[in-house]
Amino acid sequence: MSSKKVRVRFAPSPTGGLHLGGVRTVLFNYLFAKKQGGEFILRIEDTDQTRFVAGAEEYITETLRWCGLEADEGPHKGGAYGPYRQSERKPMYREYAEKLIAAGQAYYAFDTPEELEKMRGQYKTAENPSPQYGHGLRDKMRNSLSLSAEEVNRLIGEGVPYVVRIKMPEGETVTFNDMIRGDVSFNTSLVDDKVLLKADGMPTYHLAVVVDDYLMKISHAFRGEEWLSSAPVHVLLWQYLFGLENMPQWAHLPLILGPDGAKLSKRHGNKYGFPIFAMNWTDPRTNDFTEGFRERGFLPQAFVNVLALLGWNDGTDQEVFTMEELIERFDLSRVNHSGAIFDFEKAKWFNQEWIKRLPAASWQPEVKALFEKAGITIADEAQFTRVLELVKDRCALLSDFIPQADFFFRTPATVDVAAIKPKWNDQKQQFFAELIRQYELLQQWNHDELEKEFKEMAAAHQLKPGDLMLPLRIMLVGGKFGPGVFDIAAIIGKEATIQRIKHTLQLVQA
RNA sequence: GCCAUGUUCGUCUAUCGGCUAGGACACCUCCCUUUCACGGAGGAGAGACGGGUUCGAUUCCCGUACGUGGUACCA
């Protein structure tokens with residue numbers, strides 16, 4: 001076992017966008033595999049044809065690409081263990097289902113959905129709100145255990161639809177060692193006879209995950225904690241089909257929760273106003289839109305960083321990690337056991353850290369696109385870089401660059417005159433009127449010259465520079481924010497500076 | 001209901017029997033900054049409850065409570 005090549009897989013169902021929890025599962029898979037020099041496989045679990053959603057698979061692939069978590073094998077790039085879509089592997093599953101039936105470990109069941117519903121209604125009580133199709137009730141249903149062999153053959157011969165269900169043994173204990181939780185045990189009497197092969201011939205997740213993990217030589221299987229309850233079914237299947245010695249090691253990851261403590265869902269995003277999905281997603285059937293972290297203005301490095309620290313830490317106080325560091329430090333034994341509530345404020349902090357750490361060039365194209373979308377054309381890339389470096393400490397999201405820097409490229413739409421007026425007087429009016437004249441004469445239009453001239457003039461007018469800089473800032477920026485005023489004046493140039501001062505002077509007088 | 005799993009500041013977490021319980025986000029105060037941030041210094045803020053085991057429990061065991069997940073021909 002230990003000498004086996006590490007092969008892990010992420011096996012999403014292509015039913016919509018990928019949310020935080022899904023991406024974190026990918027991350028932990030990826031980090032674990034890369035640290036051991038193993039392989040990371042993407043497998044599409046599209047066994048439910050009624051839930052197929054166009055574009056979902058492409059969305060998943062693109063999300064992994066954006067996050068820098070690309071698979072070594074998968075439907076988009078092939079590999080030695082394909083196909084990587086379960087719908088394309090359909091013929092492979094039946095033989096295993098038949099094998100289980102032959103061994104008496106599974107059986108045919110002919111109950112229609114209506115009959116199942118009726119059974120649940122009939123046996124439902126206050127103490128047992130969800131009766132199970134298991135050892136207690138299977139004799140009362142229509143299956144190859146309760147029916148005679150002739151009857152079963154006749155039904156199958158007539159083409160009556162059927163499913164294959166696992167026959168859960170009675171009174172046995174199934175135990176397996178979870179890499180995160182340690183030994184976990186289940187009493188098989190309390191697990192129902194899960195459907196393995198559906199009436200349409202497709203396997204359910206339970207059969208498919210076992211067969212494909214075996215066929216694809218998966219060594220370690222990571223999934224969310226919501227799967228823990230069905231683990232005994234999978235363990236039994238491994239025992240029956242391929243031998244426990246070949247079973248991958250399981251790791252059930254703690255869930256990511258919403259602010260109310262329930263498993264994170266799209267609902268939380270709508271309710272609390274933060275993204276849930278990695279990227280924007282619009283459901284093609286309902287047109288239901290869900291915002292993504294990418295479009296909200298997150299850097300992939302930050303997004304990955306946030307996810308890594310939700311349920312894991314390296315034991316030190318370090319919180320900002322590069323992908324290389326994560327791969328190096330990641331250790332399953334340091335993954336928490338309990339679910340973690342997602343905190344959007346903290347996520348923004350991570351993003352801000354990454355914006356500050358990375359050179360502007362690495363995210364400049366994204367920000368430039370945002371500016372152009374806002375109607376601001378960037379002509380001079382070098383100057384744009386200078387502006388971005390100047391304001392980046394003030395931005396937690398890439399979208400923050402627009403309000404923090406648009407005034408470098410266009411006249412402020414509104415000027416906060418109300419912040420100037422109360423302390424305005426004739427002396428200041430005269431000061432700025434002359435400042436315009438002096439600035440027009442200035443030969444060297446740079447930060448130092450602008451400041452020098454400004455201060456000399458303030459002294460000449462017997463005014464305190466501090467009382468004049470805020471008005472100047474508001475004239476140039478429109479409000480009380482932004483980097484140094486003379487930096488701004490230097491960058492926007494003589495013409496714009498003078499024009500903005502003149503414009504505000506008129507507003508103040510009005 | 002049953003099964004599984006979990007429970008340290010508001011949130012993410014450290015602690016693998018010695019704790020005056022540490023850090024980060026958010027919050028508050030101050031400094032820096034003639035704006036806003038960034039940065040710096042402080043502050044407030046936690047071991048669900050009850051039993052054991054132990055010289056000593058946040059750490060180990062049991063019980064209770066509460067949370068979450070599961071209980072589909074969905075994954």
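Chain naming here is simple, since letters A, B, ... match the order of the sequence lines and numbering starts at 1 in each.
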[X] has an atom [atom1]; how far is it from atom [atom2] of [N], in whole Å?
X        : N     : atom1 : atom2 : value
A:Phe481 : B:A37 : CZ    : C1'   : 12 Å
A:Glu353 : B:G39 : CD    : C1'   : 11 Å
A:Ile341 : B:G6  : CD1   : C1'   : 13 Å
A:Ile60  : B:A75 : CD1   : P     : 14 Å
A:Leu310 : B:A14 : CG    : P     : 12 Å
A:Leu190 : B:G1  : CG    : C1'   : 12 Å
A:Phe401 : B:A37 : CZ    : P     : 16 Å
A:Gln318 : B:U13 : CD    : P     : 17 Å

From the options [options], select the nucleotide whose nearest atom is closest to the side chain of [X].
X        : options             : result
A:Lys480 : B:U35, B:U13, B:G39 : B:U35
A:Ser13  : B:A72, B:A14, B:A75 : B:A75
A:Ala262 : B:G69, B:C73, B:A14 : B:G69

Between [N] and [M], how many Å separate the two [atom1] atoms, rounded to a whole number?
N     : M     : atom1 : value
B:U11 : B:G70 : C1'   : 26 Å
B:G52 : B:U59 : P     : 15 Å
B:A41 : B:C25 : P     : 12 Å
B:C60 : B:C2  : C1'   : 29 Å
B:G69 : B:C30 : P     : 43 Å
B:G6  : B:G10 : P     : 23 Å
B:G23 : B:G45 : C1'   : 14 Å
B:A21 : B:U5  : P     : 32 Å

Passes ring pair (Phe, Tyr, Trp, His ring centres under 6.0 Å), A:Phe176 versus A:Trp238? Steps please.
CA-CA 11 Å; A:Phe176 72 96; A:Trp238 269 98; over 10 Å; no

[X] near the nucleic acid: base, sugar-phosphate alone, or nothing, with a heavy-atom cut-off under 4.0 Å?
X        : answer
A:Ala199 : base
A:Ser338 : sugar-phosphate
A:Lys356 : sugar-phosphate
A:Pro483 : base
A:Thr47  : sugar-phosphate
A:Gly261 : sugar-phosphate

Using purine N1 to pyrimidine N3 plus N6-O4 or O6-N4 for Watson-Crick, or N1-O2 and O6-N3 for G-U wobble, each under 3.5 Å, what pairs with [N]?
N     : answer
B:U53 : none
B:U33 : none
B:A4  : B:U68
B:A21 : none
B:G47 : none
B:C38 : none

If you apply the rule side-chain contact (heavy atoms from CB on, under 4.5 Å), what do you find for A:Ile180 with A:His337, and how did you get there?
CA-CA 7 Å; A:Ile180 291 174; A:His337 297 191; 3.7 Å; yes

When the ring centroid of A:Tyr272 is compared with that of A:Phe344, is the distance short of 6.0 Å?
no

Would you please indicate yes or no on a ring centroid separation below 6.0 angstrom for A:Phe28 and A:Phe222?
no

Quick one: do A:Asp212 and A:Arg9 satisfy salt bridge (charged side-chain N to carboxylate O under 4.0 Å, His left out)? Show the steps, please.
CA-CA 10 Å; A:Asp212 286 342; A:Arg9 101 273 118 136; over 6 Å; no

Would you tabulate the pairs of protein nitrogen or oxygen atoms and nucleotide nitrogen or oxygen atoms of nucleotides 25-34 of chain B closer than 3.5 angstrom?
residue, atom, partner, partner atom, Å
B:U34, N3, A:Gly466, N, 3.0

Could A:Arg329 and A:Phe321 be counted as a cation-pi pair, given that NZ or CZ must be under 6.0 Å from the ring centre and within 45° of the axis?
no

Just checking, A:Lys346 and A:Trp349: is the charged tip under 6.0 Å from the six-membered ring centre and within 45° of the axis?
yes

Look at A:Asn128 and B:C2 and indicate whether a side-chain polar atom (N or O) is within less than 4.0 Å of OP1 or OP2.
no

What is the ring orientation for A:Trp424 with A:Phe432, classed by angle as parallel under 30°, tilted 30 to 60°, or perpendicular over 60°?
parallel

So for atom NZ, which belongs to A:Lys356, do other residues, nucleotides or ligands contribute more than 12 heavy atoms lying within a distance under 6.0 Å?
yes

Rounded to the nearest 0.5 Å, how far does OH of A:Tyr96 lie from CG of A:Leu196?
13.5 Å

What parts of residues 175-188 of chain A reach RNA chain B, counting only heavy atoms under 4.0 Å away?
A:Arg181, A:Val184, A:Ser185, A:Phe186

Give me the residues of residues 221-237 of chain A where at least one heavy atom lies under 4.0 Å from an atom of RNA chain B, by number, or none.
A:Glu225, A:Glu226, A:Trp227, A:Leu228, A:Ser229

